[in-house]
Amino acid sequence: EQMENIKHVESAETYAFDQGCEAYAEAGLKAMEESNKLEKKGKLKDPLFIAMENLFPESFGAHPDELINLVENSRGHMIEMLKGKGYSESQAKQEAKDHIKATFDTGHLNMWRKYWKNDPNKSPEQNEGEFNNWFLTKVEDMAKKEIIGHVHLVDNYGYQDDHLAPGQGN
């Protein structure tokens with residue numbers, strides 16, 4: 001009986017993630033509908049979209065890999081919703097890509113610095129270089145996957161969300 005129950009039980013983490021993606025997909029649909037209304041009135045410059053932000057490292061979705069997963073899965077939910085409304089696969093993918101994106105906050109990503117494990121056998125400069133390479137690789141991943149729709153370009157020293165002007169931190 002317990003084995004049968006296990007087949008039908010979903011972890012809280014998986015359930016919450018799926019429900020979140022479903023909610024973002026519904027918000028993406030609303031953004032699409034509002035974009036269509038504005039376009040018919042001749043008032044649309046760019047499609048409206050929802051944009052989840054990479055918040056502080058302690059929050060789910062803050063790590064670039066989590067953010068990518070959240071956006072891609074939310075888009076997947078929206079694609080399925082649109083296909084259920086008669087959209088082709090390619091139309092649905094384009095609409096999901098246009099209306100579900102991420103806000104990339106450079107300062108929030110830099111705050112991962114406080115969790116970065118330095119290699120004791122390397123110089124501070126080498127460890128700094130490794131963090132910077134990791135940072136740039138993650139930004140490139142988001143760009144290649146067309147996740148970024150909006151950028152908060154701010155600086156800090158990697159430990160607090162100082163919102164310094166670019167070039168004022170590290």
Salt bridge between K30 and E34, side-chain N to carboxylate O under 4.0 Å?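 Salt bridge flag = yes for E34 with K30.
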How would you list, by chain and number, every residue that makes a side chain to side chain contact (heavy atoms under 4.5 Å, CB included) with L109, sequence neighbours excluded?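 Side chain to side chain contact (heavy atoms under 4.5 Å, CB included) check on L109 returns N54, P64, F104, W112, W134, F135, V139.
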If hydrophobic residues (ILVMFWY) are linked whenever their side-chain heavy atoms come closer than 4.5 Å, directly or via other members, who joins [X] in its cluster?
| X | value |
| --- | --- |
| F56 | M111 |
| L48 | L38, L44 |
| Y159 | none |

Do [X] and [Y] sit in one hydrophobic cluster, given that two such residues count as connected whenever their side-chain heavy atoms are within less than 4.5 Å of each other, even indirectly?
| X | Y | value |
| --- | --- | --- |
| M142 | L70 | yes |
| L55 | F17 | no |
| L153 | I147 | yes |

List the steps and the verdict of side-chain contact (heavy atoms from CB on, under 4.5 Å) for R113 and N132. CA-CA 9 Å; R113 183 178 304 275; N132 290 339; 3.8 Å; yes
Using modelled atom types and a 3.5 Å cut-off, is there a donor and acceptor pairing between side-chain atoms of [X] and backbone atoms of [Y]?
| X | Y | answer |
| --- | --- | --- |
| D155 | G169 | yes |
| T106 | V154 | yes |
| S59 | A62 | no |
| Y24 | I50 | no |

Residue pairs fulfilling side-chain hydrogen bond (donor to acceptor under 3.5 Å, both in side chains) with at least one residue in residues 65-74, sequence neighbours excluded: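 Output for this query lists D65-K138, N69-N73.
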Please report the interatomic distance [atom1]([X]) to [atom2]([Y]), rounded to the nearest 0.5 Å.
| X | Y | atom1 | atom2 | answer |
| --- | --- | --- | --- | --- |
| E53 | H150 | CD | NE2 | 7.5 Å |
| C21 | R75 | SG | CZ | 12.0 Å |
| Y115 | H63 | OH | NE2 | 12.5 Å |
| H163 | H152 | NE2 | NE2 | 8.0 Å |
| K41 | N36 | NZ | CG | 12.0 Å |
| N118 | E128 | CG | CD | 8.5 Å |

Tell me whether the count of non-hydrogen atoms from other residues, nucleotides or ligands lying under 6.0 Å of CD in Q126 goes above 12.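 Above 12, so yes.
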Mark yes when over 12 heavy atoms from residues, nucleotides or ligands other than Q19 sit less than 6.0 Å from its CD; otherwise mark no.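 Yes, enclosed.
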So do I79 and Y87 actually touch side chain to side chain, heavy atoms under 4.5 Å?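 Of all side-chain heavy-atom pairs linking I79 with Y87, none is under 4.5 Å.
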Looking at side-chain heavy atoms only, is the closest gap between M52 and I100 below 4.5 Å?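 Yes, close enough: below the 4.5 Å cut-off.
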Partners of E130 by salt bridge (Lys or Arg N to Asp or Glu O under 4.0 Å), sequence neighbours excluded?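 Salt bridge (Lys or Arg N to Asp or Glu O under 4.0 Å) check on E130 returns K122.
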Tell me, with the steps shown, if K114 and E58 meet salt bridge (charged side-chain N to carboxylate O under 4.0 Å, His left out). CA-CA 11 Å; K114 64 184 170 183; E58 301 82 11; 3.4 Å; yes
Name all residues meeting the side chain to side chain donor-acceptor pair (under 3.5 Å) criterion together with [X]; count only those two or more places apart in sequence or in a different chain, and write none if there are none.
| X | result |
| --- | --- |
| E80 | K83 |
| D141 | none |
| Q91 | S88 |
| E22 | H77 |

Is it the case that the side chains of N110 and N170 hold a donor-acceptor pair, with the cut-off being a distance below 3.5 Å and no angle test?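 Distance-only check passes for N170 and N110.
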Shortest non-hydrogen contact between [X] and [Y], atoms and distance:
| X | Y | result |
| --- | --- | --- |
| T103 | A51 | OG1-CB, 3.2 Å |
| S35 | H99 | OG-CE1, 3.4 Å |
| L67 | A102 | CD2-CB, 3.7 Å |

With sequence neighbours excluded, give me every salt bridge (charged side-chain N to carboxylate O under 4.0 Å, His left out) pair touching residues 159-170.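 Sorted result for residues 159-170: empty, none.
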Summary of salt bridge (charged side-chain N to carboxylate O under 4.0 Å, His left out) pairs that have at least one residue in residues 95-107, sequence neighbours excluded: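 For residues 95-107, and leaving out neighbouring residues, the salt bridge (charged side-chain N to carboxylate O under 4.0 Å, His left out) pairs sorted by first residue read K97-E146.
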